[in-house]
Student: 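Provided herewith is a single structure, encoded as structure tokens, for subsequent inquiry.
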Amino acid sequence: MSNPGTDWSATEIERIVSEYFVMLKHELGNTYFVKADHNRNVQKFTGRSKGAIEYKFQNISAVLSQLGLPWIKGYAPMANFQRALLLGIETFLSQKENVFSIFEPTGRLEFAENDGLYLDPPPLPNQAHSIPNEALERLIRKFDPAVRDERNRALGKKGEELVLQFERFRLNRENPDLAKKIKWVSQEEGDGAGYDILSFEPNGKERLIEVKTTVGYQQTPFFISANELALSNERPDHFRLMRVFDFLKGPRAFELQPPLLHSLILTPQNYRASFQ
């Protein structure tokens with residue numbers, strides 16, 4: 001056991017990170033658990049106070065938020081954490097087999113008549129979450145949320161399905177005939193169109209919707225293709241980027257309109273090489 005006020009040891013961090021992920025798995029799986037029981041488990045192992053453990057749980061939430069991962073409700077992110085915690089989380093994510101499987105969407109989407117996809121306003125530039133240190137920046141590069149979401153085809157498909165159903169629900173109330181013409185382009189024609197869903201405004205104006213989905217928070221980074229960016233520039237009055245976030249715990253979204261450079265910082269990731 002440790003003395004109060006001392007830095008957390010690697011063994012203590014390993015235990016509290018493991019305990020946190022047990023709770024997170026319960027929460028994402030909608031199974032009952034009691035936070036106080038897990039706090040007591042860590043108290044017995046470390047000898048630390050309930051408050052110190054609660055604060056460390058919040059530190060873990062802060063790191064997961066930066067990694068574009070869900071965090072436990074009630075443990076709001078607190079970013080003032082020690083470097084050793086980053087190493088502990090990195091070790092846990094690297095060594096635990098299939099640890100990311102708890103972030104996979106499961107089951108069929110249900111969309112009740114009285115439900116709707118809650119649309120937030122787009123985040124303001126000064127709301128961006130800064131990366132506080134180089135160690136965290138390296139951890140984010142290793143477990144890049146944009147790469148992870150891009151490779152997760154099941155997540156992307158379910159996000160598109162959610163927006164498709166929302167668009168039908170929205171338009172059915174104002175123009176049912178147009179609602180019947182909404183098309184899931186990426187599924188029916190493939191990914192080359194530069195958008196995923198063809199929808200409409202009630203007056204018949206086309207909405208070319210590109211859907212980007214994450215299990216993370218509102219400002220989790222994502223990839224946008226050259227084709228999608230070109231379409232946004234060619235048809236700015238029709239192109240819409242729908243960012244769906246917090247998908248596992250209660251999907252929400254916001255919509256971006258061109259020019260996208262007014263809202264996004266675009267960083268080149270790859271280059272097409274040809275011979276001279």
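Worth saying up front: this structure is predicted, and the values here are computed from it rather than measured.
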Student: So, the side chain of Tyr20 versus the backbone of Ile72: is there a donor-acceptor pair under 3.5 Å, distance only?
Tutor: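 At least one qualifying donor-acceptor pair exists.
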Student: Tell me, which pairs form a salt bridge (Lys or Arg N to Asp or Glu O under 4.0 Å) where one or both residues lie in residues 59-82, sequence neighbours left out?
Tutor: none
Student: Identify the two heavy atoms, one from Gln43 and one from Ser49, that lie closest to each other, and give their separation to 0.1 Å.
Tutor: CG-C, 4.5 Å
Student: Report the residues that fulfil ring pair (Phe, Tyr, Trp, His ring centres under 6.0 Å) with His26, sequence neighbours left out, ordered by chain and then residue number.
Tutor: Phe33
Student: Strictly by modelled atom types, are His38 and Glu19 linked by a side-chain donor-acceptor pair under 3.5 Å?
Tutor: yes
Student: Of all residues at least two apart in sequence or in a different chain, which pass the ring pair (Phe, Tyr, Trp, His ring centres under 6.0 Å) check with Phe200?
Tutor: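 So Phe200 forms no ring pair (Phe, Tyr, Trp, His ring centres under 6.0 Å) with any residue.
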Student: Using only atom types and a distance under 3.5 Å, with no angle test, would you say the side chain of Ser65 pairs donor to acceptor with the backbone of Ala62?
Tutor: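 Side chain of Ser65 to backbone of Ala62: no pair is present.
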Student: If we count only N and O atoms by modelled type, under 3.5 Å, do the side chains of Ser186 and Asp191 hold a donor and an acceptor together?
Tutor: no
Student: Going by the rule side chain to side chain contact (heavy atoms under 4.5 Å, CB included), which residues pair with Gln95 if we only count those two or more places apart in sequence or in a different chain?
Tutor: Thr91
Student: Just by distance, with hydrogens left out, do Trp8 and Gln82 show a side-chain donor and acceptor under 3.5 Å apart?
Tutor: no
Student: My understanding is that only residues two or more places apart in sequence, or in another chain, count here; which of them pass salt bridge (Lys or Arg N to Asp or Glu O under 4.0 Å) with Glu54?
Tutor: none
Student: Just to verify, what does Lys249 make a salt bridge (Lys or Arg N to Asp or Glu O under 4.0 Å) with, not counting sequence neighbours?
Tutor: Glu27
Student: Tell me every residue that passes side chain to side chain contact (heavy atoms under 4.5 Å, CB included) with Asp144, counting only those two or more places apart in sequence or in another chain.
Tutor: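 Expected list: Ala146, Val147.
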Student: Apply ring pair (Phe, Tyr, Trp, His ring centres under 6.0 Å) to Phe222 and list each qualifying residue two or more places apart in sequence or on a separate chain.
Tutor: none
Student: Using every non-hydrogen atom in the two residues, find where Asp149 and Val215 come nearest and quote the distance to one decimal.
Tutor: OD1-N, 4.4 Å
Student: If you link I, L, V, M, F, W and Y whenever their side-chain heavy atoms are under 4.5 Å apart, who else ends up in the same group as Phe275?
Tutor: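 Members alongside Phe275: none; it stands by itself.
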Student: Phe103 vs Phe21 aromatic rings, parallel, tilted or perpendicular, using cut-offs 30° and 60°?
Tutor: perpendicular
Student: So, Thr220 and Arg148: side-chain donor and acceptor under 3.5 Å apart, yes or no?
Tutor: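 Judged by distance alone, the side chains do not pair up.
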Student: Residues two or more places apart in sequence or in another chain: which of them pass salt bridge (Lys or Arg N to Asp or Glu O under 4.0 Å) with Lys142?
Tutor: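 Applying salt bridge (Lys or Arg N to Asp or Glu O under 4.0 Å) to Lys142 gives Glu90.
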Student: Counting neighbours of CZ on Arg141 that are heavy atoms of other residues, nucleotides or ligands and sit closer than 6.0 Å, is the number greater than 12?
Tutor: yes
Student: Counting only heavy atoms not in Glu14, do more than 12 sit closer than 6.0 Å to its CD atom?
Tutor: no
Student: Applying salt bridge (Lys or Arg N to Asp or Glu O under 4.0 Å), can you list everything that pairs with Glu210, at least two apart in sequence or on another chain?
Tutor: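 Checked Glu210 against salt bridge (Lys or Arg N to Asp or Glu O under 4.0 Å); matches are Lys212.
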Student: State plainly whether the residues Arg252 and Asp246 are in salt-bridge range, i.e. N to O under 4.0 Å.
Tutor: no
Student: Show me the side-chain donor-acceptor pairs of residues 171-178 shorter than 3.5 Å, one per line, residues at least two apart or across chains.
Tutor:
residue, atom, partner, partner atom, Å
Asn172, ND2, Arg168, O, 3.3
Asn175, OD1, Leu178, N, 3.2
Asn175, ND2, Pro202, O, 3.0

